[in-house]
Peer 1: 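For reference, the structure I am asking about is given below.
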Amino acid sequence: MKKRVYIIYTGGTIGMQPTSEGYAPAPGYLAEQILSMPELKSDLMPDVEIHEYDPLLDSANMTPDDWYKIARDIGEHYDNYDGFIILHGTDTMAYTASALPFMLEGLGKPVILTGSQIPLCEVRNDARANIITALTVAANFNIPEVCLCFGNQLLRGCRSVKVSTDGLDAFASPNLPPLGDIGVEIRIHKNLVLPAPQSKLQVQELKQVNVGALPLWPGIPAQVVRNFLQPPLQGLILRAYGVGNGPTNNADFLAALEEATARDVVIVDCTQCLRGSVHLGDYATGSALARAGVISGFDMTAEAALAKLSYLFSQNLPVDEIKRLMQMNLRGELTT
Ligand code: ASP
């Protein structure tokens, strides 16, 4: 029997058309184009249903409410389909791909995000191949994970980052090898894929919480940090240097962090480096941050750490439990 795949089109370049102000989403266009693709007649292709969101969004306009809307949509259609594809703008695709795994607890089917750098309406485009590849993976492989499929790679969603504004291999997962290589054949690295879940899918709520991210830069004024940490901020991803270091000769900077952690603001240290992990004990400039109450984000991407913090605050957990879970691997987002 043919597999069934549910496609959600949220917006993004993939289905845009040129306007006088540049590319903009074009309602109805993408669904019509996909349904008329001759490739869909192949036995390797699933039956598809396409749900186009209204309004279609450039992903620069997406918010956590949109992430939760997608998660609920998957939850509502979960039993009737074998896999799910989310067509999404590339700008914030890594954020959505990082947030969905936390909301989709007990996910046992593939959920694949894809999009394109060139719209399907252009003669030369990467949209067609990305759609066909995502459909092939969703229908033919047993991957109980949220993935991001783009160019020649299948990546774990909560490990992905956008690394190129204009390359057709626009994404990477710097701290985890790809789950699959898309070449002449599609090779899935089963040893890297998460095991099937023990429990049924439960869509976890994502609320509007007050979290943010702040990069350090040489000379950052302590007052900027203090202002950033003011209520209602509940949690901060601090993008620190190297293995998680900061300007600890600046006593006022440390005091700003300490005042905030004493008020139960959760501060998570993630590195500005693309690759590698935070080790707060390696340098005195990291140990001092830990003493100020900052916790390690280990090798999580800032996107994943931000999404995880939003999810944990949405669960109304005690702050100590949020800190404990931030430092544990919940969905394959962190190497232990
Ligand atoms: N601005 C677009 C978006 O993220 C870019 C893209 O889709 O590639 O929606």
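Counting convention: from 1, in listed order, for ligands and their atoms alike.
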Peer 1: I'd like to check whether T90 has a polar contact with ligand 1, where a contact means an N/O of the residue lying under 3.5 Å from an N/O of the ligand.
Peer 2: yes
Peer 1: Taking distance alone, with no angle check, do K162 and ligand 1 share an N/O pair under 3.5 Å?
Peer 2: no
Peer 1: Rounded to the nearest 0.5 Å, what's the gap from OG1 on T114 to CZ on F171? Could you check?
Peer 2: 8.5 Å
Peer 1: Give the atom numbers and elements of ligand 1 that come within less than 4.0 Å of a heavy atom of D58.
Peer 2: 1 (N), 2 (C), 3 (C), 4 (O), 9 (O)
Peer 1: Can you sort out which atoms of ligand 1 are near T13, meaning under 4.0 Å from one of its heavy atoms?
Peer 2: 2 (C), 5 (C), 6 (C), 7 (O), 8 (O)
Peer 1: Taking only heavy atoms of G12, which atoms of ligand 1 are found under 4.0 Å from at least one of them?
Peer 2: 7 (O), 9 (O)
Peer 1: Is any side-chain N of the basic residue among R159 and D299 closer than 4.0 Å to the acidic one's carboxylate O?
Peer 2: yes
Peer 1: Using a side-chain heavy atom cutoff under 4.5 Å and only I, L, V, M, F, W and Y, what cluster partners does Y241 have?
Peer 2: L214, L216, W217, I220, V224, V225, F228, L229, L233, L236, L238, F253, L254, L257, V265, I267, L289, V294
Peer 1: Please determine whether any non-hydrogen atom of S116 lies less than 4.0 Å from an atom of ligand 1.
Peer 2: yes
Peer 1: Does D43 form a salt bridge (Lys or Arg N to Asp or Glu O under 4.0 Å) with K2? I'd like the steps, not just the answer.
Peer 2: CA-CA 8 Å; D43 286 344; K2 269 205 166 196; 5.4 Å; no
Peer 1: Could you list who else is in V243's hydrophobic cluster, with ILVMFWY side chains joined at under 4.5 Å, directly or through other members?
Peer 2: Y283
Peer 1: Do any nitrogen or oxygen atoms of S59 come within less than 3.5 Å of a nitrogen or oxygen of ligand 1?
Peer 2: yes
Peer 1: Decide yes or no on side chain to side chain contact (heavy atoms under 4.5 Å, CB included) for M45 and M37, but give the supporting numbers first.
Peer 2: CA-CA 11 Å; M45 287 286 113; M37 282 179 176; over 6 Å; no
